[in-house]
Every structure is written in structure tokens, then in C-alpha cells.
Novice: 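Once you've had a glance at the structure underneath, I'll fire off some questions.
Chain naming here is simple, since letters A, B, ... match the order of the sequence lines and numbering starts at 1 in each. Worth saying up front: this structure is predicted, and the values here are computed from it rather than measured. Keep in mind that the numbers below use all heavy atoms, side chains included, and drop hydrogens, waters and symmetry copies.
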Protein chains: 2
Amino acid sequence: MYCGTKMDEALMNRGDRPKVAESGKATPQEFPDCPSPLARVGRRASALHDHLASVILRGDLAAGNPLPSERELMRQFGVSRSVVRETIIALANQGLLKTRSGYRPVVSRPDYDSVLGSMDQLMAHLITQEEGVKNLFDSRIFFEAALARWAALNARKEHIQDLEQKLLRNRKSIGVRTAFEATDIAFHDVLYAIPHNPLYPAIHRAYVEWLRKPWSCIESTEEIDFMMYGGHEAISKAIIARDPDLAEEALRRHLNTAWEFVRSNFDFRTGNTRNKSL
Amino acid sequence: MYCGTKMDEALMNRGDRPKVAESGKATPQEFPDCPSPLARVGRRASALHDHLASVILRGDLAAGNPLPSERELMRQFGVSRSVVRETIIALANQGLLKTRSGYRPVVSRPDYDSVLGSMDQLMAHLITQEEGVKNLFDSRIFFEAALARWAALNARKEHIQDLEQKLLRNRKSIGVRTAFEATDIAFHDVLYAIPHNPLYPAIHRAYVEWLRKPWSCIESTEEIDFMMYGGHEAISKAIIARDPDLAEEALRRHLNTAWEFVRSNFDFRTGNTRNKSL
DNA sequence: ACATTATTTTGGTAGGACCACATATCACCC
DNA sequence: GGGTGATATGTGGTCCTACCAAAATAATGT
């Protein structure tokens, strides 16, 4: 039993309102706007959360900057550490903050990537069944087919050049697993980039992330790589030929082939590659 | 200063391990599997979170059922209430739990909707700029155009019937704002339903949710409703005629018209309808 | 049987004390 | 001086106790 005199924190008086700047310590870093009585309705944590979220999202707190420490925040907003803590956790879960033990939380303004990234965990579980992976993969085929069609109709010459460059690199990396995977992704990424909508590349990255495990069960022999490359080449040619139907069909064929590999080699229960020869 | 003898909670002894069933109180509801020493690595909250998440996602805790109380959980897992609390907050933010003050948290297994729903808050802020709304709207047009094309090529007769039914209802509700909006959504929903991928309807609901405010700035006079209905009719006809190009074009025209309304009437700063006649 | 009032339960919050770890500071030795 | 190790301080993570308001439940009076 302590009841000792040592006090760790929470030294500010609460009787009425948190007095501002009561000690001579001189608040190290003041906060953008808010002396902020912090609306008294509902959960305090929610109020603080909304406030900080809007501060971050409005850009008042630039990404990369650290947040004040938890102790500092409780002083500035006149709430307990529990509330500050809840808030930070929630913000971190949303991708607005990155927390490392021992460091102050770091602001990270969310872009489309982190928005999609917030679905990672849930998506990971939704694809523990074949149904889930299939739905996801299907949606990718669907979306990318539309992209191929769009590319065939709207690609500019710089896109075409990009496409050819990525195709070449892909060819050169046949047989080298990691390199081939990377150039494969880079090739597909061109399709997502052509419409100039920043959402699409983010969607691509999300697909790659979510389908990483199923995808990685596709073996990487020289033959298979070559076949995959062939698919890319066909897509590329159709796009260059400005033939949307052909482009879509080539892409569907390509990804359907990939799906067949996944379906036969991927163990949907364990999430690993099935050792079918065993 | 208290140091009193009253004890609220945390009555179990910690010296070593939490003794199981130390009091005669008889744990009211046992937990699916885990006496669970709960891996000692990393953050305790993360461990608990992962554990509970997997329990829920595996379906061991059916949706709708309440979780044990926070006090109960700390007993069962031998952690402090702070940790339990953190965990619950995180799970709630992911949509795996629903919390109401005063009630026990309720399990809600996530489907595609709640996965997309977890992006709501962030998306709400990403579309506070015209850029964001435009990107989102564009992606919808893109996706839905592909759906229209798909529908023209693959719709079965029951889909066609559904389409006609929804179209009829839409026509009947011209002039009645709320009804027209509802039947409008219902019509578009048919397109998302045709490929039989459960992701798509969820995506549609997400679009509707995210674009609700911009969309609602489209006035609802009899004329405008009629024009919108005309778009639906054109799409429908093209699909029935099995003409993918026409279907895509009709849909693009329809949604682009809607976008023009949004662009001219929506105040991207405030997020409200702009009062242009003022 | 029903309305009304205690009692208990439950989430929400406050506040205090540690710990492990990271960093900053500074004396100390070569 | 330039390391270099010890020490002080800051920070997130955890535990604990306490209290409150609202909800649920039990007890009670009519």
C-alpha cells in the first residue's frame, strides 16, 4: 500500500476548469488551435477523437510530426490519460497515427492507401475461405478487365511507352522469382495508372497485399514465368492495337490462368501453398 | 487521499497467475476456448485483440451475442481493465463489436459491408475536397460502366425482370423525393447484383453512403426526376437489347449528368448544397 | 399483478503508481 | 578533445483503485 507522496502525473488541478499555463514549465509545444473545452456531450474520448482527427485531416498537423505526449495532451484538454489513450488508439487504428512503444505517436495523414489499409485485417479473415478469395479475385479480374478496355481506348503515347518498358523489364526477369513478381506487379500497375485516378493505384496495391499469399503459391519456373509474360504481352499488344475487346479478353485469359494456379495450389484453410506432390 | 479499504474491482490476486475460480461467484459465462495464458510477447492489448478477433471471426462467438463484461474479461484473461478496454475499443472500431454505454458489447461478425464501413470516417474526410469527390465519383462511373457492359452480355432473364420491375417503380415515384431516391438506388443495385459477387452490392452501398451528401444536392423536381428516369430507361433498354457498348455509354451519360449537377450545386468546402440563387 | 424503489451490474472516466525502453545529459577516462 | 559509460528524464504500456451515471435486476410496497 502506497499512498506515498510521489506523484507521477496528473498534477493539474481539476476543481473547475484546467487552468491554462498554471505552472512555469511553459508548455513545450502548443497545439494548433484548441484551448478547447472539448464539448461535454457524449463520450469524452469521442469528442477528443473527433477533434484530433479533424486537426490532422485538415492538415494543421503535418504528417510526420509527432503528437504531444499523452501527459501533455491530458493537460491541454483537461481529460484523464485513459481518454487520451483511447483516442490515440482509435486514431492509430484508423491510420491517422503511427505508434511505436517509447516514441510519441506520429501523424500520418491518410491517403487512399491507408484508407484501404484499414481493411487489411478484416479482409485477411474474409479470405480464409475459398469463397472470399474467389470473390476478391473475381472483382480484380472484373476491374482490371475494365482497365484494359479503358487503356485500349484512352492510353496516351507516354502510357504506351511505359507499358512497353515495364513489359521489357518483365521479360528480362523471367526465371528470377522476386524480380519477376516485382516486374509483374509493375506491369499491371501501368493499367491502374492510365485513368489518372489516384484511387486506382491504391486499389491495385490493396489487391496485391490482400492476394499476396494466394498469389505467391504460383510457382515460378522458367516456363510458368514465360507463360505469364506471354499474357502480359498479349494484353500489351491489344492495347497498342487499340482493340478494347481483345485487350479485355487477353487480360481475362491472363488472370483466369493465374486463378487456376491459385485454385489448385492454394490451401484455403491454412492459407499456405498446398504441397500437392506429397 | 483515500487508501481506504473499499475495493471496486480487480480483486483477484496477481502475485503469480490469476487463480481460476478463486471466488465462489461462479463465472457466469465461460469463454469459448481460452483459459488462455495469452502470449506474453508484445503488447498485451494486441494479444488479446488478436485472440478475440479470431474467436469472433472464426464464428465461435455468434453475432448478436454479448461479450462478457469488461470485469469478467480481465478475470478470464488475467489482464487489467485498461487492456480489456483498449481491446474492446479496437474491436469496435473495426466493426467486430458494437458498444453502447451501459450495455455489454455485442458481437457483430463483419461482412463486406462492415469492412467497407470501416473506411467511412476516413472517406468522409477525403471527399472534403472537390478532388476527392471527383475521384470517388469517377471510380463509380468507371465501375458501374463495366457493370452495365457485363449486364448487357451476361444478364439472365430473372435479372432483366428485376431490372424492369425496379425501373417501373422508379417511374412511379417520380416527383416524390424520398421514394425516387430509394427506387433510384434500387435500380442501380440490380446492376451490382447481376455478377453474383457479394462484394459488389457492398461496394454499391458504400458508394451510396460516401456520396450521399454530394448526391443529395441534386434537386428533385418532376423534370429532373424524369430526366434521371430517362437515363435509367436508356440503360435498361440497352441491356435488354444486349448491346454492351450502348449500355456502357448510356450509363456513362447518366452518371455524368448526375456529376454535373453535383459539381455545380455542391459546396465542397462546407459539404452542403450550395445556395446558388442567393 | 403492477408500479416503485433499492441494489447490483456495467461501461466511462479520473488519477496514481510502476515498468521497459529510448533518449538526453554529463561526468569520467583514455 | 573524443569517445564512453552511468545517470537522469521522457514516453508509451500496464496495473490498480476509485467513483459516477445509466441500465438492469431484485426487492418492496400497494
Novice: S101(A) or E70(B): which one's nearest nucleotide on DNA chain C is closer to the 5' end?
Specialist: E70(B)
Novice: Going by salt bridge (Lys or Arg N to Asp or Glu O under 4.0 Å), name the residues that satisfy it together with D138(B), two or more places apart in sequence or in a different chain.
Specialist: K134(B)
Novice: With a 3.5 Å cut-off and no angle check, do the side chains of H49(A) and E86(A) form a donor-acceptor pair?
Specialist: no
Novice: Taking the side chain of R44(B) as its heavy atoms from C-beta onward, which of dG12(D), dT13(C), dC15(D) lies nearest to it?
Specialist: dC15(D)
Novice: If you take atom types as modelled and just measure distance, does the side chain of S82(A) reach the base of dA14(C) with a donor-acceptor pair under 3.5 Å?
Specialist: yes
Novice: Can you tell me how far C1' of dG12(C) sits from CZ of R81(A), to the nearest Å?
Specialist: 17 Å
Novice: Could you check how far CG of L67(B) sits from P of dT9(C), rounded to whole Å?
Specialist: 18 Å
Novice: Can you identify which nucleotide, out of dT10(C), dG12(C), dA17(C), has its nearest atom closest to the S69(B) side chain?
Specialist: dT10(C)
Novice: Nearest whole Å is fine: how far is dA24(C) C1' from R104(A) CZ?
Specialist: 13 Å
Novice: Are any protein N/O atoms closer than 3.5 Å to N/O atoms in nucleotides 24-26 of chain D? If there are, list each pair with its distance.
Specialist:
from, atom 1, to, atom 2, distance (Å)
dA24(D), OP1, Y103(B), OH, 3.1

Novice: Return yes if a side-chain donor-acceptor contact under 3.5 Å exists between Y207(A) and E144(A), otherwise no.
Specialist: no
Novice: Taking only residues two or more places apart in sequence, or in another chain, which ones meet R169(B) in a side chain to side chain donor-acceptor pair (under 3.5 Å)?
Specialist: none
Novice: Rounding to a whole Å, what distance do you find between R71(B):CZ and dT17(D):P?
Specialist: 13 Å
Novice: Judged by modelled atom types alone, do Y112(B) and N135(A) share a side-chain donor-acceptor pair under 3.5 Å?
Specialist: yes
